[in-house]
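Note that the structure is a prediction, hence the values are computed from the model and not measured.
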Amino acid sequence: MNPTPTPTSTQAPAPPPAPEAGRLALLLMVALTLVTGVVDAVGFLGLDRVFTGNMTGNIVILGMGAAGADELPVLGPSLALVAFAGGALVAGLALRGRARGWGTGVSVLLGAQTVVLVALTVALALVGKEPGTPAQLWIAAGTAAAMGSQAAVARRIGVPEMTTVVVTSTLTTLAAESLPRGGLASFANRRTAAILAIFLGALVGAALVRATQLAVPMGLAALLSGAVTVAGHRRLRVRAA
């Protein structure tokens with residue numbers, strides 16, 4: 001009877017255990033939520049008060065702008081809404097029929113998002129600190145399309161409570177369900193992480209917008225997106241069914 005062969009160094013490493021993979025997936029979704037906060041700060045402060053990730057904010061601004069309140073923009077939020085939906089549609093079609101989890105399609109879409117954010121960083125560097133209206137509209141729409149794709153990808157990855165683009169429902173669940181059951185101890189969970197991530201992203205983005213050119217926070221968003229893509233592709237892709 002032959003002895004069991006000893007594994008060699010040429011064999012592929014075993015996939016990470018489920019708890020480790022789950023923690024990594026959560027961390028990567030928190031990073032993408034941070035990206036949303038950063039680009040929303042760029043959009044609202046530097047691109048004529050357009051939210052590029054939070055579409056609820058755009059709908060509210062659009063409604064008030066349509067009523068003529070405070071000279072709020074109408075075209076920018078409208079284009080952002082359409083672009084966001086378009087990005088989500090393209091991602092949904094690309095992922096249709098694929099298993100939930102981090103598959104190759106997820107890596108490709110997040111890689112494409114990174115490329116878009118890099119291109120927008122270059123565009124912002126070229127137009128300077130105060131881009132004109134046409135540049136504002138195109139850059140806001142491009143960013144919104146990337147965020148729409150990101151939202152669709154996050155749904156496919158399927159980390160609970162981590163949509164990466166909105167925290168209203170997360171905050172509601174935290175206040176209405178987590179706090180009544182667990183009290184203050186319930187703050188230490190992924191819902192709080194999502195809320196803090198988008199807050200910190202907006203904080204950092206706003207600080208960079210005030211201190212530097214718009215290209216700097218957009219470049220930070222691109223860097224974070226690229227890091228998430230590489231880490232997820234290397235560590236989580238093998239776990240997708």
Out of curiosity, [X] [atom1] to [Y] [atom2], how far, rounded to the nearest 0.5 Å?
X	Y	atom1	atom2	value
Ile157	Thr164	CD1	OG1	8.5 Å
Met162	Thr33	CE	OG1	3.5 Å
Arg49	Asn58	CZ	CG	12.5 Å
Leu47	Leu124	CG	CG	6.5 Å
Leu75	Leu79	CG	CG	4.5 Å
Leu95	Leu109	CG	CG	5.0 Å

Does one hydrophobic cluster hold both [X] and [Y], with members joined at side-chain heavy-atom distances below 4.5 Å?
X	Y	value
Leu120	Trp138	no
Leu223	Leu110	no
Val35	Val108	no
Val74	Val60	yes
Leu27	Leu32	no

(request) Compute whether any side-chain donor of one residue and acceptor of the other, for Thr36 and Gln150, lie under 3.5 angstrom apart. (result)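 A donor-acceptor contact under 3.5 Å links the two side chains.
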(request) Mind jotting down which residue pairs meet the ring-ring contact (aromatic ring centres under 6.0 Å, His included) criterion with at least one end in residues 22-78? Sequence neighbours excluded, please. (result)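 Passing the test, one end in residues 22-78: Phe44-Phe51.
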Counting only N and O atoms by type, is there a donor-acceptor contact under 3.5 Å from the side chain of [X] to the main-chain atoms of [Y]?
X	Y	result
Ser149	Ala145	no
Thr52	Val39	yes
Thr229	Ser225	yes
Asp48	Gln136	no
Asp40	Gly53	yes
Arg235	Ala25	no

(message) Go through it in stages, so that I can follow the logic: the residues are Leu24 and Leu236, the test is side-chain contact (heavy atoms from CB on, under 4.5 Å), and I'd like the CA-CA distance, side-chain angles, deciding distance and then a yes or no.
(response) CA-CA 8 Å; Leu24 178 59; Leu236 298 179; 3.9 Å; yes
Name the atoms and distances for all side-chain donor-acceptor pairs under 3.5 Å in residues 202-219, with sequence neighbours left out.
{"unit_1": "Thr212", "atom_1": "OG1", "unit_2": "Leu208", "atom_2": "O", "d": "2.6"}

Atom of [X], atom of [Y] and distance for their closest heavy-atom approach:
X	Y	result
Pro77	Ile61	CG-CG2, 3.9 Å
Ser107	Arg237	OG-CD, 4.2 Å
Leu117	Ala146	CD2-CB, 4.4 Å
Ala80	Met55	O-SD, 3.9 Å
Ala221	Val38	CB-CG1, 4.2 Å
Ser78	Leu62	OG-CD1, 3.2 Å

(message) What verdict does the side-chain contact (heavy atoms from CB on, under 4.5 Å) test give for Arg100 and Arg155, after you've listed the backbone C-alpha separation in whole Å, the side-chain angles of each residue and the deciding distance to 0.1 Å?
(response) CA-CA 9 Å; Arg100 292 181 67 84; Arg155 289 178 61 85; 5.7 Å; no
(message) Determine whether Leu224 and Leu34 satisfy the following criterion, side-chain contact (heavy atoms from CB on, under 4.5 Å), listing intermediate values before the conclusion.
(response) CA-CA 8 Å; Leu224 288 171; Leu34 192 71; 3.7 Å; yes
